[in-house]
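Given the structure is predicted, the values throughout are model-derived calculations rather than measurements. What's counted below: heavy atoms across the whole structure, side chains too, no hydrogens, waters or symmetry copies.
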Amino acid sequence: MNKAKIAVLVSGGGTNLQALIDAQAAGTLHSGELRLVVSNKADAFALERARRAGIEALTLTRAACGGQAGFEAALTEALDARGIDLIILAGFMSILSADFTSRYDGRIINIHPSLIPSFCGKGYYGLKVHEAALQYGVKVTGATVHYVNEIPDGGKIILQEPVRVLPGDTPETLQRRVMEQAEWRILPEAAELVSAQLQKNKETVK
Ligand code: GRF
């Protein structure tokens with residue numbers, strides 16, 4: 001059976017991308033294959049991780065593409081030229097338009113560092129999510145992998161993993177624990193689940 005071709009969209013350090021690369025090397029991600037990494041930031045360390053793993057890496061910035069529409073047009077072209085089946089947003093810090101998400105309906109997934117529906121939606125990204133969780137005083141947080149639709153963090157949930165908040169946590173310590181105990185585990189697991197499902201659907205259509 002052919003593997004699902006995966007593109008990973010990134011903006012920063014790329015530790016979630018690294019978890020996907022490691023899962024592929026370990027064979028736990030086997031129904032899909034990492035074929036392309038696209039960063040919307042030229043200096044993202046994630047690009048270096050992709051190169052080291054031998055995965056094609058592209059930078060597409062909004063500025064260089066003449067705005068959001070130009071960025072999405074260039075992205076669509078890059079994805080379609082490579083026959084990408086599944087798009088994984090792994091620390092991708094930009095909201096995609098309804099036009100884009102409907103074009104790849106059921107084929108885009110995102111990792112969010114909280115238990116949706118808490119601390120999610122517009123404005124909840126990066127450290128802000130963990131600051132909000134600490135400010136509210138929740139004792140359990142976690143991470144969620146979900147499908148991406150036109151509503152920020154609003155698509156169907158695929159996997160969630162809880163993580164305890166500990167006394168003395170700062171946004172930084174909590175962010176790190178959520179990554180280690182939840183994000184790096186469930187993102188590769190969801191990538192495998194969705195890749196296998198997409199491949200099964202393809203076989204049925206044949
Ligand atoms: C992660 O916490 C992810 O959930 C969030 O941004 C962070 C990205 O980290 N949306 P990295 O680039 O994967 O290291």
Does one hydrophobic cluster hold both [X] and [Y], with members joined at side-chain heavy-atom distances below 4.5 Å?
| X | Y | value |
| --- | --- | --- |
| L9 | F45 | no |
| L58 | Y104 | yes |
| I109 | V8 | yes |
| I158 | I186 | yes |
| V37 | L20 | yes |

Any side-chain heavy atom of [X] within less than 4.5 Å of one from [Y]?
| X | Y | answer |
| --- | --- | --- |
| H146 | N110 | yes |
| Q24 | E33 | yes |
| Y147 | V194 | yes |
| Q175 | P113 | no |
| S118 | V138 | no |
| R52 | E48 | yes |
| L29 | P188 | no |
| I108 | F92 | no |

Could you work out, with ring pair (Phe, Tyr, Trp, His ring centres under 6.0 Å) as the rule, every residue matching Y125, not counting sequence neighbours?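 Per chain and number, Y125 pairs via ring pair (Phe, Tyr, Trp, His ring centres under 6.0 Å) with no residue.
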Test your reading of the model: is there a side-chain donor-acceptor pair from [X] to the backbone of [Y], 3.5 Å cut-off?
| X | Y | answer |
| --- | --- | --- |
| R107 | I84 | yes |
| S11 | N40 | no |
| E150 | T101 | no |
| S114 | V129 | no |
| E161 | E183 | no |
| S39 | T59 | no |

Over all atoms of both residues, closest heavy-atom pair of [X] and [Y]:
| X | Y | result |
| --- | --- | --- |
| M179 | T15 | CE-OG1, 3.7 Å |
| V178 | A143 | CG1-CB, 4.2 Å |
| K41 | L47 | O-CD1, 3.8 Å |
| L174 | V165 | CD1-CG2, 4.2 Å |

What's the separation between atom [atom1] in [X] and atom [atom2] in [Y], rounded to the nearest 0.5 Å?
| X | Y | atom1 | atom2 | result |
| --- | --- | --- | --- | --- |
| R103 | T76 | CZ | OG1 | 5.0 Å |
| L159 | T144 | CG | OG1 | 9.5 Å |
| T170 | L134 | OG1 | CG | 7.5 Å |
| I116 | D153 | CD1 | CG | 4.5 Å |

Do NZ/NE/NH1/NH2 and the carboxylate oxygens of E172 and R176 come within less than 4.0 Å?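 No, E172 and R176 are not salt-bridged.
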Passing candidate, salt bridge (Lys or Arg N to Asp or Glu O under 4.0 Å) with D85, options K202, K5, K3: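 Considering K202, K5, K3, a salt bridge (Lys or Arg N to Asp or Glu O under 4.0 Å) with D85 is found only for K202.
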Are a donor atom and an acceptor atom from the side chains of D169 and T173 found within less than 3.5 Å of each other?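 Yes, because at least one side-chain N or O of D169 sits under 3.5 Å from a partner of the opposite role on T173.
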Under 3.5 Å, is there a donor-acceptor pair between the Q68 and S97 side chains? no
Residues at least two apart in sequence or cross-chain that pass side chain to side chain donor-acceptor pair (under 3.5 Å) with R82, listed by chain then number, are E56
Out of Q199, Q197, E192, K200, which one pairs with S31 under the side-chain hydrogen bond (donor to acceptor under 3.5 Å, both in side chains) rule?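 With S31 as partner, side-chain hydrogen bond (donor to acceptor under 3.5 Å, both in side chains) holds for just one option, E192.
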